Amino acid sequence: MKKILEHIKATRNIGIIAHIDAGKTTVSERILYYTHKIHRMGEVHTGNTTMDFMPEEQERGITITAASTHCEWKEYAINLIDTPGHVDFTIEVERSLRVLDGAVGIFCAVGGVEPQSETVWRQSENLHIPKIAFINKLDRIGADFENVLLSMQTRLQTKPLVLQIPLGQGQEFSALADLLTLQKMEFSEEDQGETIIYTPLEGDELVEAEIWRDKLLEEIAELDDTFLEKYFNKTYTIEDIKQSIRTITIAKLATPTLMGSALKNSGIQPLLDAVCDYLPSPLEAKPLKSEEFNPDAIKALVFKVILENNYRFSFVRIYNGTLKESSTLYNINLKKHERIDRIYKLHADYREMVKEAYAGDLVGIIGMKTVQTGHTLSNDTNLAPYEDFTKFQPVISLTFEPKNSVEAETLATALARYCLEDPTLVVNSEEGFCLVSGMGELHLSILAERIEREYKIKPRVGNPQVILKESINNVDPIQATYRFERELGDKLHQGHVEISLEKRERGQGNKIFISEEARDIIQKQKTNTKEDTIQSVEEYCASILESGYNNGLALTDVQFNLINIMETDNTTLVGVQNALHFALEQAYCQASVITLYPIMKLEITVPEDNLGATMNLLNTCKAKVEQLFEKQDLKCIVALAPMQELFGFATNLRSSTQGRANLTMQFFHYDTI
């Protein structure tokens, strides 16, 4: 027991999160090199990095799937996940963040806090994940770490605790100043930065570092009452400072901020020290910190599933207990037992088999035949599952048409596999073709590439189709009643319901409300437990809103109120659900229905010389410019535009600006045009 607790205390589960091209994979590669997990550093631009092992990642120079690995630094074990930066792969970021205890946010010293940085930071905030920041690419022309600090405060609403400052920026970047020890850190070029040369700061460098150090200590004292008294009495040590920073970080009161240049092999070892010193162990993180550790009480979450040779390989985070090979666990979501054949430690596409794993570990499992992403495993059949995290709505569709019947079977097999691995993919099979929906053009483009590469078929891919939705525009609630009565089998099913439909603010989604009177009647049904019966009605109401009535378009931004159920001796759950379906259809027919289109948020940075061409292009796409401001020497445009007007926009933007514009596009919400 003591040995297991020590192992958990010395474990760090971290993710690398950031905007695309901020340097996440380059930082991950250096971490693996300096922890001696690999012996040669790969580079993104040459397509030979450890974490980007898929051919599509190597060709495009971007991360598509979240890759997991483990390494050791000093006396700590680090489980590391490198997440994608592109918005089309949001599910990869989400399910990675759900199983991490801490994160490292990477920011480009030139670009600062970019749109996808903001998105993934917000995702991590929703999951209450403590973070540290790393300002990368200080060697690039235009680097300005103070501007990054300012954008962290304004765009992320976080307080950066600056632990280092650069000595020189851009081409003059040469070393880092450690504000805790007031030492200069130079990273040797002779051994790719593995040797760090420490020397005392002197002259102007010392004066500047002392100014930043005084500011750091004041901020720590403001945030930590324990340190405040030592600060006033000047009795603190470096260990006291570190302990306070750790307390502040885990409480999410501020973000320790380090810096360097991963490409120039500078600043990675201090970043590793900070991960171990300031981010929480599994015992200090949710949800284990709200539970008492028990080696015999197993609870784990499946955060990813892939198919390999017709076997399911499950990526699992263990939250409590000890997991052993050749054991059996209970799948709480499916209410059935699953057998664990083998357990693996993960290192990108390489795996190391182990006999057992402990709370806090991220492992791979072979053997579970029906498990899916988001399922909870335990050895206790009475526990509640963890909250599902796979509910993402696709916004774009493509048709995949096989060339013959043999290819049709192969295509069906391929799509079934990819839908299991990626919950954001949705497939509707029609006669002669499949309609595949996903998170964006890049998402579906890479899917088509994988089908061709891995299954040796090339189905005809149709033009993109935007997924539309509907809502209502009525000022007053729409009332409807319906009485359902039908004999099914040898039983009479009745349901007499009164409902109303109300519009909600745009982007708020649907809400199901069941009155207390209706709840009392539903709870009398003996088909299930009290909680499950209410939940089944709520889920049914949500599903009929999603199914829609006009061309199958889902209803969104509405509140569905179940006001009352007129009870009889033959009222049943089946009768009530059918009555709800027809009552909603009646309300829909009375409603003022409006069509909603997916609206994308664009952020474009472009030189002033190309501003006119960019604005003209936005006008042709029916874009609405929300903001226009300067960002260093560039113009930054924030605009909203309907997705169906943006097909090919990125290509046209590159052509009209000679490739000088930088574009980020992400889904914003559904709205009218």
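Fair warning: this is a prediction, and the values are worked out from it, not measured in the lab.
- A cation-pi contact, defined as under 6.0 Å to the ring centre and within 45° of the axis, is absent between R342 and F313.
- L334 places a side-chain heavy atom less than 4.5 Å from the side chain of E338.
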>> For L640 and E626: C-alpha separation, side-chain torsions, deciding distance, then whether side-chain contact (heavy atoms from CB on, under 4.5 Å) applies.
In response: CA-CA 7 Å; L640 301 177; E626 298 282 299; 3.9 Å; yes
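- Taken to the nearest 0.5 Å, the OG1 atom of T255 stands 12.0 Å off from the CD1 atom of I245.
- There is no side-chain donor-acceptor pair under 3.5 Å between Q157 and Q153.
- Between C71 atom SG and Y34 atom OH the span is 13.5 Å, to the nearest 0.5 Å.
- D557 places a side-chain N or O within 3.5 Å of a backbone atom of G507 that can act as its donor or acceptor partner.
- Taking the centre and axis of the six-membered ring of F134, the NZ or CZ atom of K24 falls outside the cone set by 45° and 6.0 Å.
- A salt bridge does not link D273 to K242: none of the charged nitrogens lies less than 4.0 Å from a carboxylate oxygen.
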>> I'd like to know whether F145 forms a side-chain contact (heavy atoms from CB on, under 4.5 Å) with F107, so could you lay out the CA-CA distance, the side-chain angles of the two residues, the decisive distance to 0.1 Å, and finally the verdict.
In response: CA-CA 10 Å; F145 84 96; F107 303 103; over 6 Å; no
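- The shortest side-chain heavy-atom distance between E325 and E356 does not fall under the 4.5 Å cut-off.
- Between L420 and Q372, the shortest heavy-atom distance links the atoms CD1-CG, 4.2 Å.
- Checking side-chain atoms of R246 against main-chain N and O of L279 turns up a donor-acceptor pair under 3.5 Å.
- Interatomic distance, NE2 of H375 versus CE of M368, reported as 10.5 Å (0.5 Å rounding).
- E114 places no side-chain N or O within donor-acceptor distance of the main-chain N or O of G111, the cut-off being under 3.5 Å.
- Checked by atom type and distance alone, the side chain of H70 pairs as donor or acceptor with a backbone atom of L346 at under 3.5 Å.
- Environment of CD in E72: sparse, with no more than 12 heavy atoms of neighbouring residues, nucleotides or ligands closer than 6.0 Å.
- Residues W73 and Q269 form a side-chain contact, since some pair of their non-hydrogen atoms from C-beta on lies under 4.5 Å apart.
- Listed here is the closest heavy atom pair of Y344 and I366: CE1-CD1, 3.9 Å.
- In this structure, a donor-acceptor pair under 3.5 Å is absent between the side chains of R12 and N79.
- Rounding to the nearest 0.5 Å places CD1 of I81 at 10.5 Å from CD1 of I16.
- Separating the CG atom in L156 from the CZ atom in R122 is a distance of 9.5 Å, to the nearest 0.5 Å.
- For D361 (side chain) and Y358 (main-chain N/O), a donor-acceptor pair under 3.5 Å exists by modelled atom type.
- Listed for the N379 side chain is a donor-acceptor partner under 3.5 Å among the backbone atoms of I298.
- No side-chain heavy atom of T11 sits under 4.5 Å from any side-chain heavy atom of D101.
- Other residues, nucleotides and ligands contribute at most 12 non-hydrogen atoms within 6.0 Å of the CD atom of E505.
- Taking the side chain as every heavy atom from C-beta outward, E454 and Y418 approach each other to under 4.5 Å.
- In terms of heavy atoms, N136 sits closest to A22 at ND2-O, 3.2 Å.
- Here the shortest heavy-atom pairing between P130 and I250 reads CG-O, 3.9 Å.
- The closest donor-acceptor contact from the side chain of Q164 to the backbone of M259 lies under 3.5 Å.
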> Hey, mind stepping through L301 and Y319 against side-chain contact (heavy atoms from CB on, under 4.5 Å) and telling me if it holds?
Replying inline: CA-CA 8 Å; L301 177 68; Y319 282 107; 3.8 Å; yes
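- The only member of L377, T381, N382 that meets side-chain contact (heavy atoms from CB on, under 4.5 Å) when paired with Y330 is T381.
- Counting heavy atoms from C-beta on, the side chains of C108 and R140 come closer than 4.5 Å.
- Judged purely by atom type and a 3.5 angstrom limit, R155 uses its side chain to pair as donor or acceptor with the backbone of V113.
- In this structure, NZ on K299 lies 5.0 Å from CG on L383, to the nearest 0.5 angstrom.
- Between I241 and I220 there is a side-chain heavy-atom pair separated by less than 4.5 Å.
- Closest approach of G23 to K137, counting heavy atoms only: N-CE, 4.4 Å.
- Side-chain contact between L223 and K159 is present, with at least one heavy-atom pair separated by less than 4.5 Å.
- Cation-pi geometry between K469 and Y670 is met: under 6.0 angstrom from the ring centre, within 45 degrees of the axis.
- In terms of modelled atom types and a separation under 3.5 Å, the side chain of S378 and the main chain of D380 share a donor-acceptor contact.
- With a 6.0 Å radius and a threshold of 12 heavy atoms from other residues, nucleotides or ligands, K324 has its NZ atom at or below the threshold.
- Looking at every heavy atom in both residues, Y76 comes nearest to K9 through CE2-O, 4.5 Å.
- A salt bridge (charged side-chain N to carboxylate O under 4.0 Å, His left out) check over residues 363-373, counting only residues at least two apart or in different chains, returns nothing.
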> Can you list the steps and then say if V162 with E219 is a side-chain contact (heavy atoms from CB on, under 4.5 Å)?
Replying inline: CA-CA 10 Å; V162 182; E219 289 173 338; 6.0 Å; no
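- With hydrogens and angles disregarded, no donor-acceptor distance shorter than 3.5 Å links the side chain of N13 to the backbone of G102.
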> Please walk me through it: do K131 and E125 pass salt bridge (Lys or Arg N to Asp or Glu O under 4.0 Å)?
Replying inline: CA-CA 9 Å; K131 293 171 287 293; E125 285 292 290; 2.6 Å; yes
